Asker: 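Got a structure for you, questions after.
Here the structure is a predicted model, which means the values were calculated and not measured.
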Amino acid sequence: MTPARLTLLLGAPPVPRGSWAEEAVLASAAALRTTAGRGAVRAAAEPDVVRTPAEPGAVRDAAERAERIAGRLRGEDGVAEVRVGRDGFLSIVLAEPGEIVREIVEGRPEDAGAPTAPVVAPSAWPDAPLTWDNPGFVVRYAHARAVAVQRWAADLGVPAAGFRPGLLTDPGERAVLRLLAELPGRAASREPAWALYAERLALAYHDAHERAPAVPSGDRPAGQVHTARTWLAAAVRDVLRALIGPGLPDRV
């Protein structure tokens, strides 16, 4: 299960909550809003109803709808838990948040909610200076690092196949996954702020890259964890390319 797939089931994008260091939680107000689309109908199994919190029984009705939606979601693969708040809000816990990476790498970034065409011009940021104070350097270097990981992995014998999303457990990696989970919500927003998002994703990836190396060091053999981290790098690379286009460098 991924945020993009949940969007189809709920009729609107769920929103990541918390740091995701311990659990990957997505919040949804699907039971509170007017339903629209087949996904919402499948989840709620009832016709459109316009409610406001001020209406008598609105909170109770929302909670009842939320329980019905939760019951359906609990039967979906990849959903570890669904908690229903008294106000009708849903907290959905993903069993394997790293499945977002598979969705991007095996499919297309737009499958996970990324734009179908570039939305940020490379000229949005200055080329210089090549320091961490320049968001342009941060983004370009993140892309170059993610590309370099693919070269290093091939040279050091990191298996390309056998991706196991459950191995992406480092807090730095989980922070990247949380940002990738924002894609459907940003795509549906009137003000997605894609340039700022690219900067945040790049910074998070730099942290993950340094905390949890994607390739083995010294005489250590390559393992499945390195495969998972190589896939994570590929997902970041693909999303940055989707946002910015072909102007990103492979080397800095």
Side-chain angles (χ1 to χ4, degrees), residues 1-104 106-116 165-166 168-169 174-192 197 235:
M1 183 60 68
T2 66
R5 294 175 204 163
L6 280 172
T7 299
L8 295 176
L9 294 175
L10 296 168
V15 180
R17 289 286 184 256
S19 69
W20 280 32
E22 298 297 330
E23 61 178 7
V25 181
L26 294 156
S28 173
L32 307 179
R33 62 173 56 91
T34 300
T35 58
R38 290 183 301 171
V41 172
R42 175 184 171 188
E46 62 179 17
D48 292 358
V49 179
V50 178
R51 301 281 190 181
T52 66
E55 294 180 44
V59 173
R60 182 188 66 251
D61 292 346
E64 291 175 353
R65 289 197 299 274
E67 287 290 354
R68 288 195 291 273
I69 296 172
R72 292 179 178 271
L73 291 179
R74 289 175 184 131
E76 296 286 341
D77 290 340
V79 174
E81 182 182 0
V82 183
R83 299 188 286 263
V84 180
R86 292 182 179 179
D87 52 5
F89 278 88
L90 298 166
S91 294
I92 305 160
V93 182
L94 299 180
E96 296 281 8
E99 283 295 332
I100 304 169
V101 169
R102 190 192 306 277
E103 189 172 53
I104 295 169
E106 289 189 343
R108 301 167 301 174
E110 50 262 42
D111 294 337
T116 56
L168 296 173
T169 58
R174 298 296 289 268
V176 174
L177 296 178
R178 187 196 182 283
L179 279 164
L180 294 176
E182 290 184 13
L183 285 169
R186 286 186 177 272
S189 173
R190 294 180 180 178
E191 298 181 4
Y197 173 79

Asker: With sequence neighbours left out, write down each residue that passes side-chain contact (heavy atoms from CB on, under 4.5 Å) with R74, or none if nothing qualifies.
Answerer: E67, A70, V82, V84

Asker: Salt bridge between E96 and R102, side-chain N to carboxylate O under 4.0 Å?
Answerer: no

Asker: List the steps, then state whether side-chain contact (heavy atoms from CB on, under 4.5 Å) holds for L90 with I69.
Answerer: CA-CA 9 Å; L90 298 166; I69 296 172; 3.6 Å; yes

Asker: So, does T7 use its side chain to make a donor-acceptor pair with the main chain of P3 at under 3.5 Å?
Answerer: yes

Asker: Is V101 close to P165 at the side-chain level, that is, under 4.5 Å between some pair of heavy atoms?
Answerer: no

Asker: Do T2 and L94 pass the side-chain contact (heavy atoms from CB on, under 4.5 Å) test, and can you show the C-alpha distance, the side-chain angles, and the key distance before you say yes or no?
Answerer: CA-CA 8 Å; T2 66; L94 299 180; 6.0 Å; no

Asker: Can you tell me how far apart CG (L32) and CZ (F89) are? Round to the nearest 0.5 Å.
Answerer: 5.0 Å

Asker: Looking only at atom types and distance, does a side-chain atom of Y197 sit under 3.5 Å from a main-chain N or O of R186, one as donor and one as acceptor?
Answerer: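 Pair absent, no side-chain N/O of Y197 close to backbone of R186.
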
Asker: Side chains of residues 10-26: which donor-acceptor partners sit under 3.5 Å, not counting sequence neighbours?
Answerer:
from	atom 1	to	atom 2	distance (Å)
S19	OG	A21	N	3.2
W20	NE1	R17	O	3.4
W20	NE1	V25	O	3.1
E23	OE2	R83	NH2	3.0

Asker: Run the salt-bridge test on E76 and R72 with the 4.0 Å N-O cut-off and return the result as yes or no.
Answerer: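 Judged by the 4.0 Å cut-off on N to carboxylate O distance, E76 and R72 do not form a salt bridge.
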
Asker: Between R5 and E103, is any pair of side-chain heavy atoms under 4.5 Å apart?
Answerer: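 A side-chain contact exists here, since the closest heavy-atom pair is under 4.5 Å.
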
Asker: Side-chain contact test, heavy atoms from C-beta onward, threshold under 4.5 Å: evaluate it for L73 versus L6 and give yes or no.
Answerer: yes

